[in-house]
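Okay, so here's the structure we're looking at.
Numbers for residues simply follow the sequence, beginning at 1. Excluded from the calculations below are hydrogen atoms, water molecules and symmetry mates; all remaining heavy atoms, backbone and side chain alike, are included.
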Amino acid sequence: QVQLIESGGGLVQAGGSLRLSCAVSGNHVSIYDMGWFHQAPGKEREFVAAITWGTTYYADSVKGRFTVSRDDAKNTVYLQMDSLKPEDTGVYYCAAHRNGGSYFNTARRSSNYDYWGQGTQVTVAS
């Protein structure tokens, strides 16, 4: 069974930075497309970023501010979050798609992911 555990969330001031981590157990992270999703209070989960076998993808709202990466040796995917804004506040979830190599229109849809972490809270204060 694949399990994902997010960490690294917390409270930061606007303009600050956080690095979220998603540790993968049960299989090698390299075989999956890995996505990050954001859920603001009272809202649906929204695509943030993904790293596939071939490339990375970002929502327009985070381009230039967030960077997704992975370390295969550590079986971990990261989301570096810079220039944080109050609207970035919410729970961030990592997710794994069993069939890697997705293009953007697949990677951006939460329904295409098979495994989800428990989420980590990010709060950005103005």
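- Here the straight-line distance linking atom CD of Gln13 with atom CG of Leu84 works out to 11.0 Å at 0.5 Å rounding.
- With sequence neighbours excluded, no residue forms a side-chain hydrogen bond (donor to acceptor under 3.5 Å, both in side chains) with Asn75.
- Counting only heavy atoms from C-beta outward, the side chains of Val2 and Val24 approach each other to under 4.5 Å.
- Under the 4.5 Å side-chain heavy-atom criterion for ILVMFWY residues, a single connected hydrophobic cluster contains both Tyr92 and Val62.
- Judged as a salt bridge (charged side-chain N to carboxylate O under 4.0 Å, His left out), the pairs with a partner in residues 93-103 (not counting sequence neighbours) are, in order, Arg98-Asp114.
- Hydrophobic cluster membership is shared by Met81 and Val68, with clusters built from Ile, Leu, Val, Met, Phe, Trp and Tyr side chains linked at under 4.5 angstrom.
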Q.
The test is side-chain contact (heavy atoms from CB on, under 4.5 Å); show your working for Tyr78 and Leu20 and say whether it passes.
A. CA-CA 6 Å; Tyr78 303 96; Leu20 307 184; over 6 Å; no

(Q) Before you tell me yes or no, could you show the steps for Thr67 and Leu79 under side-chain contact (heavy atoms from CB on, under 4.5 Å), namely the whole-Å CA-CA distance, both residues' side-chain angles and the distance that decides it to 0.1 Å? (A) CA-CA 6 Å; Thr67 304; Leu79 184 67; over 6 Å; no

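- At least one donor-acceptor pair closer than 3.5 Å links the side chain of Gln118 to the backbone N or O of Glu6.
- With rounding to the nearest 0.5 Å, the separation of CD in Glu46 from OG in Ser110 is 10.5 Å.
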Show me the donor-acceptor pairs within less than 3.5 Å that the side chains of residues 31-40 make with the rest of the protein, sequence neighbours left out.
unit_1	atom_1	unit_2	atom_2	d
Tyr32	OH	Asn27	ND2	3.3
Asp33	OD1	Gly101	N	2.8
Asp33	OD2	Gly101	N	3.4
Asp33	OD2	Ser102	N	2.7
Asp33	OD2	Ser102	OG	2.6
His38	NE2	Asp88	O	3.2
His38	NE2	Thr89	O	2.6
Gln39	NE2	Lys43	O	3.0

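- No side-chain heavy atom of Val91 sits under 4.5 Å from any side-chain heavy atom of Val122.
- The two residues Gln1 and Tyr115 make their nearest non-hydrogen contact at OE1-CE2, 3.5 Å.
- Counting only N and O atoms by type, the side chains of Asp82 and Ser17 include a donor and acceptor under 3.5 Å apart.
- Taking the side chain as every heavy atom from C-beta outward, Leu4 and Cys94 approach each other to under 4.5 Å.
- Under the 3.5 Å distance criterion, the side-chain polar atoms of Tyr57 are left unmatched by any main-chain donor or acceptor of Val48.
- Side-chain heavy atoms closer than 4.5 Å link hydrophobic residues (I, L, V, M, F, W, Y) into clusters, and following such links, even through other members, never connects Tyr113 to Val77.
- Counting heavy-atom neighbours within 6.0 Å of Phe104 CZ, excluding the residue itself, gives a total above 12.
- What you find for Tyr58 and Ala49 is that their closest heavy atoms are CD2-CB, 3.6 Å.
- A donor-acceptor contact shorter than 3.5 Å is absent between the side chain of Thr123 and the backbone of Leu11.
- Tyr93 places a side-chain heavy atom less than 4.5 Å from the side chain of Arg45.
- The backbone N or O of Thr76 sits nowhere less than 3.5 Å from a side-chain atom of Arg70 that would complete a donor-acceptor pair.
- Once rounded to the nearest 0.5 Å, the distance linking CH2 of Trp116 with SG of Cys22 reads 10.5 Å.
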